[in-house]
Structures are given as structure tokens and as C-alpha cells.
Amino acid sequence: MVEIELDGKKVEVPPGSMVMHAAEKAGTYIPHFCYHKKLSIAANCRMCLVEVEKAPKPMPACATPVTQGMIVRTKSDKAIKAQQSVMEFLLINHPLDCPICDQGGECQLQDLAVGYGGSGSRYEEEKRVVFHKDVGPLVSMEEMSRCIHCTRCVRFGQEVAGVMELGMIHRGEHAEITTVLGDTVDSELSGNMIDICPVGALTSKPFRYSARTWELSRRKSVSPHDSTGANLIVQVKNHKVMRVVPLENEAVNECWIADRDRFSYEAVNSADRLTAPMLKQGGEWKTVDWQTALEYVANGLKQVKADHGADAIGLLASPHSTLEELALAGALVRGLGSENVDSRLRHADFSNAAPAGAARWLGLPIASLSTLQRVLVVGSNLRKDHPLFAQRIRQAQRKGAQVNVLNAVAQDWAMPLKNVVLADSGVWVSALAGIAAAIAAETGVSAPVNADATDAHRAVAKSLLGGEHKAILLGNAAAHHEKASSLLMLANWIAQQTGATVGYLSEAANTVGAQLVGGVPGQGGLNAGEMLGGALKALLLLNTEPAHDSAAGATGLSVAGMVVTLSPFKTNLDISDVLLPIAPFTETSGSFVNAEGRLQSFHAVVRPLGETRPAWKVIRVLGNLLGLAGFDADSSQAVLASALPGVASGALVDAARLNNTSAAPIDLAPAITEPCVASIYQLDSLVRRAPALQLTADARATLIADEVHA
């Protein structure tokens, strides 16, 4: 450790640290713009100038390495005058538009100008003007005259997102941040540029001119999309969600969120919201009150049970639903005597299940993804399926990790890949067996199955046999594969021989939680494929749209006598008999368990819209009408305590309940069907209804691909 004196206090920091790091450790604030703890050091704003004893001039704290015995003064006259001079230069060309700037009230330049700016300006010439740019539907670059050239956005693109979409051209007063070729900013993490911009140059296009920051209430929440469980701050005005920004949690999402976490809130304010219960009568939808709708559903379920038996009733639930909703919905169907409960809507191999009460999971802490040295990813478009996992693995790759891929097509993951094995999804088992055979040949053990190893397989094997911290990660396509059990068996064998962990990246916010609270069929129960095939007379659809969310589609549901949809949106109109309006994540309390097994609870941030009610309350009342036991909880916390006892919010589920082992035989026969995988902005009902997300390049590419396929 190196000891320095900072404003009269002794501070110890590791060798190679900068004065800024020492100041952070000491709790001393040094004004800055270009410095960001997650980005490389640029030292181009000069706002952090401090006095270093024996140095001839003030030094930038962010770029001055500490030395033993160094004496630093951050608040001396010399340092303050240097900082005031820098502020004067920064304000020379900055426009005086704070009253109409979206950054007003949360602007670093505004804040520091109060302490370090002058009461007037000596600059009387014309200010520079920078032409605005249109870079897509998410990020606004309408007022680039505000830019102070801190280059945070440029470095974020290069170092975190992995794509240098913005850069600086020209020099001096002609310098400007731009996409150079006039392209759009298409990174799935692009919204983070808005957060790290210290001025109002980059702002949120959907939020633009909607509210002032001091008018907004700030409430914590958790992302309902992929399995990261990103922590959010939802900003609210007049009981309407106006903006979503990240809540820093180093163990989960650091200080970043994906664009779908940030902009999907538009869906909760959309005209597509279902605001009152509806019944289909004579082929037409009629709005009814809750009592009528729930009694209709309860009587219908009783009638189906009496006429066809309890086994004719089933539940399909979205893994984006909360733990409380899944637990109560499963208890409702099981209370009627049926085990037909499933949340694995896109799966093809339903035999690939964890032991009862356990769940398939990531296999390691999310934070550990940043420190891996060897990775094999099977069947995933990592960058689009799990943007925040991808950026952590990108961090690991920048530190020397070797990333290996087995996939059907070559994809741009915005990071260098060590080895890529391309194989049709039908023969992934054979390809993984080839890698296992190559490892067996290298280590002198018997291969799990007979398979031929190619040069590509041997290259992956050689990579996995090196390094220390290693992981084999099975993506959405591998989890939904027709031979998912065989892929898991081979992955476990490879992991055993190489010292790696095995895990599923997990598709949805509550994929792990759904397994823990019984969101899978019990003994003798039908799986999602069988239920969607038309095997039932009554079906409850919780927060799901089978036409978009399932591998089998919704065509088989036309034979059901009663289909009840519980959704925040007017959906499933062609297959449903009843629509019950339930609250999206912003209007209900609940919990998700992310890929690493971390339980995270959240509260409603706005009141329910219209006659919308939290789904757990709807299901509880339905249970009461059916006369079922165990439906007397008066809060979501009570439901959670019953469904997953002893686990506090923010804590990890007991490791004994997280299980990726398998004893299935390895089947080398080619798979017949393609894995069903949702694209980045078709993952769930919220992102599908967010207008800004549907205007992105990723969403348009999916639309074009679907049209070509059709």
C-alpha cells in the first residue's frame, strides 16, 4: 500500500492508484466531469486540478499516480483558482438554456458552476453552435452545443457496450461528438450514455420535455425482463411512470441497465392497457364488474371439474410473473386437484427439469462473470439475450479471458471471440460431444460418448483446459432445445474434466423463481406443450400471450371450453372468454429470483390503472370463491413468506435448492425442431408494446426476418 497525505489526512491506497481514488477512499470530493469509476481515464476536462506539493503546476487528480509520501491539497487557493479557471473556460461556449434543458436539476455542470463559476462572464464573442444529430429513437442529440467534450459516451461505447458508435471529430472549437458517418446509435446498452453524460447533451428521447426532475418521485424497483434482475429507480409524476434509471448494485447490475429495462415503461402507459374485466358474450366483448367476472370464472372452473375432472384444468404462467403470482396461481390449480401448471412456455425438452423444489440456475454469482478466464457459451445470442451478462463477460475478455462459442450462426457479440464452432442447432449435441471427445483425448480419460473431434472442437478443448476460473453457460436456445437434457449432460461432463462451473443464463426475470415455487407440473401433470396442444377444457393464462411466448403457439387452445386471460393488456382476444386486468410490475408488489438465485422484492411505484388489480389479489379472491384453503394472505409479503420461507430480499436462495445436475442419457440423434427463442424486443408483453423500443434497429431487423420467414 502507498500512503499519501490528502488535505492533512493520511490515506493508504494500492500502488498504481490515482489521487482521485485516494480522495474517494478518504471521502473527499474533487470536482470532475470526464472521470467515471467504470471508465478509463481520459483527463481531458481538467476540472479535477489539485495542488501536489513540489509539482510546478496544478495536477489532474484523475490522472496523477500516487507516490509514497505525496502531499496533496484539494482545497488550497492554488487548487481552487485552477478549478475556477477551468470552469470559466467550460462555460465560454455552453448555451444558457438551463430553463428548458432536461438535465436541469441533475446536471453536474450546473451544480459545479454554483461553487466554481463566476457571477458574470468576460467572454463577449458569439458562442459556438453544434448541429443536432438524429441517432435513433432512444437517445436525443438535439442540443450538442451543450457538450463539454468529456468523452464519457465515447469511452462507454468502446469499453462497456463494446461498440464505438460515437467519436470526436475535428479539433479546438470545431471539435464535436458524432456518429461520424451519420449512423444511428444501436447498442442495446445505449441508454446508459444518457446517465453518464454530465450535461444535457445526451438526453432521453421518449422522456424529452415530459417533466422537470424536481417534480418526480423516485421509487426502487426490479427489472421484469431478463434474468439479471437489474435494480431500477422508477421516477413518477401524478401516478404515471415518466422515466426509469439504474439503481447501483455492484453485485447485480453495477450502475448499468439495458435499454429494455430503461424504456419498456412506455408500455404501462399505452392505449393497449386493459382497465376493466371483460367477458365475451355472443362473440362480442362486454365490460363487466369484478364480481361478475370472478364468479363467471369460478363457476366455469367448477363446471369443468364436475363434467371432465380436475385434470381438464390447467395454468400457463409467464416466467416474467412475480413469485407471489406464480405461487398462488399454482396453488389455485392444485387446490382444484390438477397438476397441470407450467411456466416453461418455450421449452421443447420438458424432461430437463431440476429435482422437485429445486431450480436450474447460473451456476455462479453474477459478479463472477467479470472475473472468468475461460468461457464456453452454448446456444445464445449473448449480447441481445442478456446485455448485462454480456458486458460483464466483455470486461473479463478485456482482462484476457478466452470466450468460446457453440452456436448456429455467427453473431456480433461486440468482443473478440477465441473460438467459434458453428453448427446447425439440430446437431449441437454432436458438436458438444466432439468438444468432449477432444478433452478426453487431451486428458486421457474415456469420452462420455463416441464422437469425432474436429480442429475447431480441439481448439475449444485446449482453451477450456487452460486458465483457472471457467464457466460453461447454456443460453436460451440450449435451454429450449429439443435435446436440452443431452446438452446439459455433456456440459456437466466437460465441466468436471476442466474444473468449470455449469449454468443456465436463464431467459426471464423469474425463470429460477418459477421453478422454486412450483411453476412446473407435478406428478402426472401436463407440460406447456401438451396444454397448448389442446388437451384441456379450461385454461388460465397468467401474464402470457401464447402466440408470442410459446413454442407451440395458440392454435390448440380453440378446443378449450373456457380460456381466462390475466393480463395488463387487451390480448388473446381470439382465444379467450374472460379478460381480467392485472397490474404490471410498476403497479404491484412482488419478488423475482434472478439467474444467480438472488431474491429481490419490490413495491408498487404507482397505483393500479382503472379497475386493474394486482394478480396475487385476483387469484386470492378467486381461491376464496372456489372455497379453497390457504387463500387468506393479506399481503404479497405473506404470500412470499409461505412460498419461499426464510429468504430475505437481497439474499441468495439456499444453494441446496439450486441444481444443474442431470442423469439423462446422451442422445446423439439430430434434433428435428429449431429452438424457440425470443428476440431482444419481443421477449415479453411490455417490450412488445414499448413504441421507442419497437423503432430500434434490433426490432426492425426482427420484423424483417419474420416477414422473410413467413
Side-chain angles (χ1 to χ4, degrees), residues 1-2 4 6-7 9 11-50 59-66 70 72 74 83 86 103 106-109 111-112 148-164 166 177 187 189-199 201-202 228 230-233 245-258 261-262 365-371 387-399:
M1 300 291 281
V2 176
I4 72 168
L6 185 85
D7 291 340
K9 294 189 293 185
V11 184
E12 285 190 349
V13 289
S17 298
M18 302 297 161
V19 171
M20 184 71 82
H21 301 140
E24 287 179 342
K25 185 173 181 180
T28 299
Y29 178 73
I30 298 176
H32 60 273
F33 293 111
C34 68
Y35 172 77
H36 190 281
K37 64 182 178 180
K38 293 290 183 181
L39 303 177
S40 63
I41 292 168
N44 53 7
C45 78
R46 317 309 283 183
M47 191 64 211
C48 64
L49 292 176
V50 294
M59 305 292 287
C62 69
T64 302
V66 295
M70 175 186 277
V72 180
T74 68
Q83 292 162 358
V86 170
Q103 195 84 348
E106 54 186 11
C107 173
Q108 279 182 258
L109 184 65
D111 293 342
L112 293 178
I148 61 170
H149 302 159
C150 71
T151 68
R152 280 187 181 183
C153 56
V154 178
R155 285 174 285 143
F156 171 83
Q158 287 178 290
E159 298 163 18
V160 180
V163 187
M164 187 176 174
L166 295 178
I177 301 292
S187 166
L189 298 171
S190 65
N192 292 293
M193 294 179 182
I194 299 166
D195 293 332
I196 62 175
C197 180
V199 295
L202 303 181
T228 308
N231 290 201
L232 311 175
I233 294 288
V245 296
L247 172 63
E248 186 170 350
N249 185 334
E250 200 62 29
V252 180
N253 57 297
E254 300 176 87
C255 56
W256 317 119
I257 55 174
D261 303 327
R262 184 183 302 272
I366 289 174
S368 296
L369 294 173
S370 304
T371 60
L388 295 174
F389 289 172
Q391 77 86 13
R392 281 193 180 271
I393 293 175
R394 193 174 294 118
Q395 289 179 36
Q397 189 281 323
R398 287 171 61 85
K399 290 180 264 186

Next on the checklist: Can you give me the closest heavy-atom contact between Ile177 and Cys153, atom names plus distance?
Outcome noted: CG2-SG, 3.9 Å
Next on the checklist: My understanding is that only one of Glu159, Lys38, Glu254 makes a side-chain hydrogen bond (donor to acceptor under 3.5 Å, both in side chains) with Gln395; could you say which?
Outcome noted: Glu254
Checklist entry - Once you round to the nearest 0.5 Å, how far does OH of Tyr29 lie from SG of Cys48? => result 10.0 Å
Checklist entry - Do Ile41 and Met18 have side chains that get closer than 4.5 Å, going by heavy atoms? => result yes
Checklist entry - Using a distance-only test with no angle check, is there a side-chain donor-acceptor pair under 3.5 angstrom linking Asp7 and Thr28? => result no
Next on the checklist: Run the ring pair (Phe, Tyr, Trp, His ring centres under 6.0 Å) test against His36 and tell me which residues pass, sequence neighbours left out.
Outcome noted: Trp256
Item to check | Side-chain heavy-atom pair Leu189, Leu388 within 4.5 angstrom cut-off | outcome: yes
Checklist outcome for this item: Taken to the nearest 0.5 Å, the spacing of Asp261 CG from Thr228 OG1 works out to 7.0 Å
Checklist entry - Roughly how far, to the nearest 0.5 Å, is the CD1 atom of Ile30 from the CG atom of Leu6? => result 6.0 Å
Checklist outcome for this item: Residues Ser17 and Pro14: closest non-hydrogen pair is OG-O, 2.8 Å
Next on the checklist: Tell me whether Asn192 contacts the main-chain N or O of Ile257 through its side chain, where contact means a donor paired with an acceptor under 3.5 Å.
Outcome noted: yes
Checklist entry - Between the side chain of Lys399 and the main-chain N/O of Thr371, is any donor-acceptor distance below 3.5 Å? => result no
Checklist entry - Any side-chain heavy atom of Leu39 sitting closer than 4.5 Å to one from Ile196? => result yes
Checklist entry - Which pair of heavy atoms, one from Ala22 and one from Ile4, lies closest together, and at what distance? => result CB-CD1, 3.7 Å
Checklist entry - How many angstroms lie between atom CG of Asn231 and atom SG of Cys255, to the nearest 0.5 angstrom? => result 12.0 Å
Checklist outcome for this item: Closest non-hydrogen contact found for Lys9 with Ala26 is NZ-O, 3.3 Å
Item to check | Closest non-hydrogen atom pair, Cys107 against Pro198 | outcome: SG-O, 3.6 Å
Checklist entry - Run the side chain to side chain contact (heavy atoms under 4.5 Å, CB included) check on Arg262 and Val245 step by step: do they pass? => result CA-CA 6 Å; Arg262 184 183 302 272; Val245 296; 4.2 Å; yes
Item to check | Flag, side chain of Arg46 to backbone of Pro60, donor-acceptor distance under 3.5 Å | outcome: no
Checklist outcome for this item: Tightest non-hydrogen contact, residues Ile233 and Pro246, listed as CG1-O, 4.1 Å
Next on the checklist: Are the side chains of Met193 and Leu166 in contact, using a 4.5 Å heavy-atom criterion?
Outcome noted: yes
Checklist entry - Does any N or O in the side chain of Gln108 come within less than 3.5 Å of the main-chain N or O of His32, such that one atom is a donor and the other an acceptor? => result yes
Item to check | Straight-line distance of Ser370 OG to Glu250 CD, nearest 0.5 Å | outcome: 8.5 Å
Checklist entry - Please walk me through it: do Lys37 and Glu248 pass salt bridge (Lys or Arg N to Asp or Glu O under 4.0 Å)? => result CA-CA 12 Å; Lys37 64 182 178 180; Glu248 186 170 350; 2.4 Å; yes
Item to check | Test ring pair (Phe, Tyr, Trp, His ring centres under 6.0 Å) applied to Phe33 - qualifying residues, sequence neighbours left out | outcome: none
Next on the checklist: For the backbone of Leu369 and the side chain of Arg392, can you confirm whether one donor and one acceptor N or O come within less than 3.5 Å of each other?
Outcome noted: no
Next on the checklist: Walk me through whether Arg394 and Val160 qualify under side chain to side chain contact (heavy atoms under 4.5 Å, CB included).
Outcome noted: CA-CA 7 Å; Arg394 193 174 294 118; Val160 180; 5.6 Å; no
Checklist entry - Within a strict 4.5 Å, meaning less than it, do heavy atoms of the Val86 and Leu49 side chains meet? => result yes
Checklist outcome for this item: Distance col, row Arg155:CZ vs Ser40:OG, nearest 0.5 angstrom, shows 5.5 Å
